[in-house]
Amino acid sequence: MVDNKVTVGNKTLYSRKRRNKVSYSRYGYLFIAPFFIVYAIFHLYPLLYTFYISFTDYLYASFNLVGPDFVGLKNYIEVIKNPRVTGAIKNTAILWIVNYIPQLLLALLLAAWFTDPRLNIRRQGTFKVMVFMPNIMTAATIAVLFYALFSYPVGPINSMLAKLNIIPKEYFLRPEEYGIEFFRSPMATRLIISFIQFWMWYGHTMIILIAGIMGIDPEIFESAEIDGATGGQIFRNITLPLIKPIMLYTLVTSLIGGLQMFDIPKLLLNGGPDYKTETITMYIFGQAMESRNYGKSAAVSIVLFILTSILSLFIFYLFKEEDNVAEEKGVW
Amino acid sequence: MKRTIYYDLSYSRSLKAKTVFIYIVCILLSILSIFPFWVMFVNATRSSLQIKTSFSLLPSKYLIENWKTMINREAFNVFLGFKNSFFIATCSTILTVYFSALTAYGLAVYQFKLRKSAFTFIIAVLMVPTQVAAVGFYRLMASMNLNNTFIPLIVPAIAAPAVVFFMHQYIKSALLIEIVESARIDGAGELYIFNRIALPIFKPAIATQIIFSYITSWNNFFMPGMILTDVKKYTLPLMVQILKSDRFRTDYGVVYLGLSLTVLPLIIVYLLLSKHIIRGVALGSVKG
């Protein structure tokens with residue numbers, strides 16, 4: 001017993017060993033409590049509640065809130081049959097693919113150039129600052145800006161095309177007649193949305209890929225160079241296989257982000273023309289806030305949740321495996 | 001021998017050509033990144049008639065006139081939006097960063113039974129997007145009479161799993177336990193140790209997270225769009241919608257001025273902190 005006591009000045013303290021066991025674990029719970037309490041109330045409960053609502057009739061019918069009344073799978077069946085929902089899933093997929101493939105290719109190309117010591121590209125920092133800038137700008141502002149830029153009859157893109165003689169100069173006199181109405185065409189609108197996403201995100205992907213390549217042991221490159229490999233060979237046979245996990249990471253995070261695509265299509269044309277640019281989250285938002293049919297909105301939310309969970313699990317296992325591999329190989 | 005020299009010369013020449021090509025591509029891409037913003041700022045200084053009848057990349061002199069028109073149209077109150085955005089982003093960033101550091105510290109420094117399960121839970125919910133729980137969240141806030149207030153946009157910021165994860169990775173690398181233990185011997189309380197000793201050590205991680213949390217909150221459109229319906233409560237991203245409405249149909253100059261004002265603070269912050277931001281992006285990916 002005496003061993004457990006330490007006297008400092010006029011205070012009696014118990015030895016560290018004993019105090020550790022008795023009181024410190026309490027602080028652990030105390031310190032993480034705010035997070036878990038707030039998470040439970042504002043994140044977990046709404047998620048479970050959304051799950052519950054998805055099995056109920058819960059809506060405003062002639063200004064009266066009805067429900068929630070349990071109806072089983074009714075919302076899910078209605079939602080799957082609804083061409084607007086399947087259309088929204090298709091639109092989201094198209095908008096994502098058309099932006100992601102060029103985004104990854106350009107980011108890879110730039111990353112290969114910037115990390116090649118033989119090319120020794122200067123002013124990389126300035127270039128990164130420039131191309132990353134659109135990424136942190138308010139997406140809502142960017143959407144309205146592009147809406148204004150591409151607008152018809154009066155819009156800078158139209159007047160630029162007229163100035164470059166791509167459309168007749170008479171445009172400046174009679175814009176209605178000679179201007180291009182971009183937002184009437186579903187394809188043009190989709191391309192503009194995909195372009196904005198591409199333009200906002202390729203710098204981000206590039207920075208991540210460069211960081212991944214810089215993380216590779218330089219000795220591997222050096223010995224490849226001594227063996228006489230060309231830049232292209234090194235990139236194909238060494239860099240690409242080694243950054244595969246990082247590429248998969250950017251792929252899956254971009255996919256999860258893409259499933260939530262909202263700000264740009266919402267503020268550009270609100271899903272138009274003819275719902276051809278309506279995304280999944282726009283449908284969820286519209287059902288909840290405009291149609292005020294919470295049951296249906298919740299059913300689509302749960303579908304989105306399942307899709308996202310599958311993808312997240314994939315990342316989780318990817319990194320678990322990568323950790324094991326890294327320990328064996330000592331690459332990262 | 002001869003052959004080798006010949007090979008090297010042509011090789012270095014093609015390398016030079018390739019380098020020139022790369023610089024040209026980089027310059028074009030940089031222009032592409034800036035071009036829309038440039039047109040926006042230039043058009044903010046041009047009159048609606050000029051915008052309608054010509055295209056120019058050089059500023060004109062109608063900035064003040066556009067400004068006056070904008071102030072007279074009370075519909076688009078950029079200052080109110082700025083004030084609301086500033087309030088929400090500041091409060092939620094402080095909460096996110098402080099409580100994430102506290103949670104990560106609690107998980108890293110103390111040994112307790114549920115520690116591992118708590119950490120696994122945080123990783124498991126890392127990727128859950130807020131949108132999937134939005135309907136439930138909206139109805140919950142409606143039943144608590146909190147819609148159209150700032151509380152639903154601020155208080156949930158206390159629980160930010162991704163920030164906790166980032167901080168945890170950082171704390172693990174910053175050797176902490178010994179410092180904590182010696183502070184305990186000096187008789188310091190646990191919360192005091194966290195606030196006065198641990199937090200200053202986390203400064204680099206905190207700085208990165210302040211920037212990203214602030215920008216995320218500032219740009220958020222989905223949640224405020226659900227919760228805030230009163231125009232007086234609008235944040236900047238919500239305010240921007242007004243510029244698309246019929247009230248500004250022919251005021252081209254005013255629209256560009258309004259848009260410019262909503263991103264001007266971000267551009268200034270970005271130019272000051274771009275190095276940190278880009279380093280943070282690279283860091284977050286490799287570690288996370």
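Throughout, protein chains are lettered first and strands after them, A, B, ... in sequence-line order, and every chain is numbered starting at 1. Atom set for the values below is all heavy atoms of this structure, side chains included, hydrogens, waters and symmetry mates excluded.
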When the 4.5 angstrom heavy-atom criterion is applied to Pro152(B) and chain A, the contacting part is neither
Does any N or O in the side chain of Thr103(B) come within less than 3.5 Å of the main-chain N or O of Phe35(A), such that one atom is a donor and the other an acceptor? no
More than 12 heavy atoms of other groups within 6.0 Å of Phe112(B) CZ: yes
Can you tell me which portion of Phe222(B) sits under 4.5 Å from chain A's heavy atoms? Options are side chain, backbone, both or neither. both
Check whether Asn158(A) gets within reach of chain B through its side chain, its backbone, both or neither, counting any heavy atom under 4.5 Å. neither
Checking the side chain of Thr50(A) only, and the main-chain atoms of Gly136(B) only, is there a donor and an acceptor separated by less than 3.5 Å? yes
Side chain, backbone, both or neither: which part of Phe137(B) has a non-hydrogen atom closer than 4.5 Å to chain A? both
Could you tell me which of Val109(B), Leu126(B), Ile215(B) has the largest number of non-hydrogen atom pairs under 4.5 Å with chain A? Ile215(B)
Non-hydrogen atoms of chain A under 4.5 Å away: do they reach the side chain of Phe248(B), the backbone, both or neither? neither
Interchain contact, Leu238(B) with chain A, by part (heavy-atom threshold 4.5 Å): neither
Region of Ile278(B) in contact with chain A, defined by heavy-atom distances below 4.5 Å: both
Under a 4.5 Å heavy-atom cutoff, which of Ala108(B), Ser100(B), Ser56(B), Gly106(B) has the most pairs with chain A? Gly106(B)
Using non-hydrogen atoms and a 4.5 Å limit, figure out which bit of Val155(B) sits close to chain A: side chain, backbone, both or neither. both
Scored by heavy-atom pairs under 4.5 Å with chain A, the best of Met127(B), Arg139(B), Lys18(B) is Arg139(B)
Segment of Phe121(B) engaging chain A (4.5 angstrom heavy-atom cut-off): side chain
What option among Phe99(B), Tyr138(B), Trp218(B) has the most heavy-atom pairs under 4.5 Å with chain A? Tyr138(B)
By a 4.5 Å heavy-atom criterion (distance strictly below it), what part of Ile31(B) contacts chain A: side chain, backbone, both, or neither? neither
Most contacts with chain A, counted as non-hydrogen pairs under 4.5 angstrom, among Pro156(B), Ser274(B), Ala104(B): Pro156(B)
Proximal component of Val25(B), with respect to chain A [non-hydrogen, under 4.5 Å]: side chain
Suppose we call two aromatic rings close when their centres sit under 6.0 Å apart. Are Phe194(B) and Tyr98(B) close by that rule? yes
I'd like to verify something: which residue of Gly155(A), Ser54(A), Ser159(A) has the highest number of heavy-atom pairs under 4.5 Å with chain B? Ser159(A)
Checking Tyr270(B) side chain against Pro134(A) main chain: does a donor-acceptor pair fall under 3.5 Å? no
What residue in Leu30(A), Leu47(A), Ile136(A) has the most heavy-atom pairs under 4.5 Å with chain B? Ile136(A)
Test side chain to side chain contact (heavy atoms under 4.5 Å, CB included) applied to Tyr202(A) and Leu29(B), step by step: CA-CA 11 Å; Tyr202(A) 80 88; Leu29(B) 287 174; 3.5 Å; yes
So what's closer than 4.5 Å to chain A heavy atoms on Asn43(B): side chain, backbone, both or neither? side chain
Could you look at Met137(A) and say if it's the side chain, the backbone, both or neither that has a heavy atom under 4.5 Å from chain B? both
Ranked by heavy-atom pairs below 4.5 Å to chain B, first place among Thr308(A), Leu304(A), Asp263(A) goes to Asp263(A)
Under 4.5 Å to a heavy atom of chain B? For Phe114(A) that would be side chain
Name the region of Val269(B), side chain, backbone, both or neither, that has any atom closer than 4.5 Å to a heavy atom of chain A. neither
Is it possible for you to check whether Lys266(A) lies under 6.0 Å from the centre of the six-membered ring of Phe221(B), through NZ or CZ, and within 45° of that ring's axis? no
Proximity breakdown for Ala160(B) and chain A, heavy-atom pairs closer than 4.5 Å: backbone
Counting heavy-atom pairs under 4.5 Å to chain A, which of Val125(B), Leu191(B), Leu243(B), Ile277(B) comes out on top? Val125(B)
Are Phe127(A) and Trp113(A) near enough that their ring centres are under 6.0 Å apart? no
Kindly assign one of parallel, tilted or perpendicular to the pair His204(A) and Trp201(A), based on the angle between their ring planes and the thresholds 30° and 60°. perpendicular
I need the residue from Arg123(A), Met133(A), Lys163(A) with the largest number of non-hydrogen atom pairs under 4.5 Å to chain B. Met133(A)
Evaluate whether atom OH of Tyr60(A) has more than 12 neighbouring non-hydrogen atoms of other residues, nucleotides or ligands under 6.0 angstrom away. yes
Chain B: which of Ala139(A), Gly257(A), Gly125(A), Ala140(A) shares the most heavy-atom pairs with it under 4.5 Å? Ala140(A)
Around Lys113(B), counting heavy atoms of other residues, nucleotides and ligands shown, do more than 12 lie under 6.0 Å from its NZ? no
Given a strict heavy-atom distance threshold of 4.5 Å, which part of Leu267(A) is in contact with chain B: side chain, backbone, both, or neither? both
Which answer fits Met239(B), side chain, backbone, both or neither, if we ask what part of it has an atom under 4.5 Å from a heavy atom of chain A? neither
